[in-house]
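Residues: numbered from 1 along the sequence shown.
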Amino acid sequence: MMRKSRLEVRSRRGAWAASLCFLTATAARSQSVAVGANPYLTMAPVSQYMIANRTEEIGLARSAAPASIADHAEVLVLGARGYETAVNGTNGFVCFVGRSWDVNFADPQFWNPKIRTPQCDNATSARSVLPRYLARTKRVLTSASKAEMRKLETADWAAGKLKAPEPGALCYMMSKGAYLNDDGGAWRPHVMFFAPRTADGAWGANLPGSPVMSDSSSYEQTTIFFVVVPNWSDGTSGSPVKAGASND
């Protein structure tokens with residue numbers, strides 16, 4: 001989501017951890033950000049996380065996957081109390097624009113209001129992975145603190161309300177218009193595969209020459225395997241798009 005050295009492996013793992021949904025510039029950098037240097041210590045006004053134009057948000061959500069998938073998918077948009085269905089789908093996929101809190105609680109960009117991550121989950125992912133993010137979003141919009149949300153999610157896992165991903169869960173992230181973090185921009189088009197916590201070696205992930213990368217820190221009880229694909233969802237070449245760069 002390419003790899004020849006250990007340094008490269010660490011860099012790409014960091015880029016992913018910053019993405020998803022889950023993304024900071026690099027895992028090492030995320031851990032070393034000084035409290036005084038982090039501009040995202042607290043939640044910004046809710047309005048800064050919203051996309052005022054509903055049509056724009058629908059279009060951005062659909063840009064996560066090729067039109068052959070996204071045009072027939074359910075589309076969610078962020079409302080005052082959580083995500084709402086803006087377009088009904090027919091193929092089982094669910095497209096939406098993720099916000100900054102889709103990452104680990106310790107991520108320094110957890111409250112970054114600029115983050116926009118268009119994602120399109122297949123039916124399995126929508127059923128077994130997406131509920132965690134949707135529930136967290138509702139809590140964010142009630143002004144729950146990180147500590148409160150962490151406690152509630154821990155209880156949800158213990159009660160079986162949240163579960164590890166089901167086999168076959170995947171997500172498209174192929175939008176050129178994504179903003180994964182302040183350093184990565186849209187990074188590169190990629191497809192993610194969700195699995196219960198799994199050793200990297202089981203998929204040959206993060207090894208020299210392997211096209212597969214993995215992240216086991218962003219989602220609880222989950223390993224995300226991701227693979228870079230050649231093109232953005234609009235068919236253009238999937239060259240990296242950095243933060244602040246033109247998407248044209």
Is there less than 2.5 Å between the SG of C120 and that of C171?
-> no
Q48 and W111: CA distance, side-chain angles, deciding distance, side chain to side chain contact (heavy atoms under 4.5 Å, CB included) verdict = CA-CA 10 Å; Q48 294 187 27; W111 291 124; over 6 Å; no
Could you tell me whether the side chains of E56 and N53 share a donor-acceptor contact shorter than 3.5 Å?
-> no
Looking only at side chains, do N112 and N181 share a donor and an acceptor under 3.5 Å apart?
-> no
Ignoring hydrogens and geometry, is there a side-chain-to-backbone donor-acceptor pair from [X] to [Y] under 3.5 Å?
| X | Y | value |
| --- | --- | --- |
| T236 | W232 | no |
| T223 | T198 | yes |
| S128 | E166 | yes |
| S125 | N122 | no |

Tested for side chain to side chain contact (heavy atoms under 4.5 Å, CB included) against S233, the lone hit among S68, S63, P189, P118 is S63
Nearest 0.5 Å, please: how far is [atom2] in [Y] from [atom1] in [X]?
| X | Y | atom1 | atom2 | result |
| --- | --- | --- | --- | --- |
| F105 | S145 | CZ | OG | 9.0 Å |
| W101 | F110 | CH2 | CZ | 8.5 Å |
| T154 | M149 | OG1 | CE | 12.0 Å |
| S217 | D107 | OG | CG | 8.5 Å |
| N104 | R150 | CG | CZ | 7.0 Å |
| D200 | L207 | CG | CG | 7.5 Å |

Only one of T85, N91, N88 passes side-chain hydrogen bond (donor to acceptor under 3.5 Å, both in side chains) with E74; say which it is.
-> T85
Does any non-hydrogen side-chain atom of [Y] lie less than 4.5 Å from one of [X]?
| X | Y | answer |
| --- | --- | --- |
| E84 | L76 | no |
| S100 | Y49 | yes |
| V103 | S218 | no |
| V229 | V191 | yes |
| V87 | I58 | yes |
| I115 | L180 | no |
| M43 | S143 | no |
| W157 | E220 | yes |

Can you check ring-ring contact (aromatic ring centres under 6.0 Å, His included) on F194 and F225, steps first, answer last?
-> CA-CA 6 Å; F194 302 102; F225 294 98; over 10 Å; no
Under 30°, 30 to 60°, or over 60°: which ring-plane class applies to W187 and F226, parallel, tilted or perpendicular?
-> perpendicular
Over 60° means perpendicular and under 30° means parallel, so classify the ring planes of F93 and Y172, tilted if in between.
-> tilted
Are [X] and [Y] in one and the same hydrophobic cluster, where Ile, Leu, Val, Met, Phe, Trp and Tyr link if side-chain heavy atoms are under 4.5 Å apart?
| X | Y | value |
| --- | --- | --- |
| V46 | Y83 | yes |
| V77 | V140 | no |
| Y40 | M50 | yes |
| L170 | V97 | no |
| M192 | M213 | yes |

Is [X] salt-bridged to [Y], cutoff N-O under 4.0 Å?
| X | Y | value |
| --- | --- | --- |
| D102 | R132 | yes |
| E153 | R136 | yes |
| D156 | K151 | no |
| E57 | R99 | yes |

Could you tell me whether K146 atom NZ has more than 12 heavy atoms of other residues or ligands within 6.0 Å of it?
-> yes
Could you please spell out the steps behind the side chain to side chain contact (heavy atoms under 4.5 Å, CB included) verdict for R81 and K138?
-> CA-CA 6 Å; R81 295 181 178 82; K138 290 182 179 180; over 6 Å; no
Can a cation-pi geometry be assigned to R62 and F96, taking NZ or CZ under 6.0 Å from the six-membered ring centre and within 45° of the ring axis?
-> no
Ring center gap for Y219 and Y133 short of 6.0 angstrom | no
Just do the side chain to side chain contact (heavy atoms under 4.5 Å, CB included) check on L78 and I51 with the steps written out, would you?
-> CA-CA 8 Å; L78 184 61; I51 298 176; over 6 Å; no
Of all heavy-atom pairs linking A61 and C95, the shortest is O-CB, 3.6 Å
List the atom of R197, the atom of T222, and the distance in Å for their closest heavy-atom pair.
-> NE-O, 3.0 Å
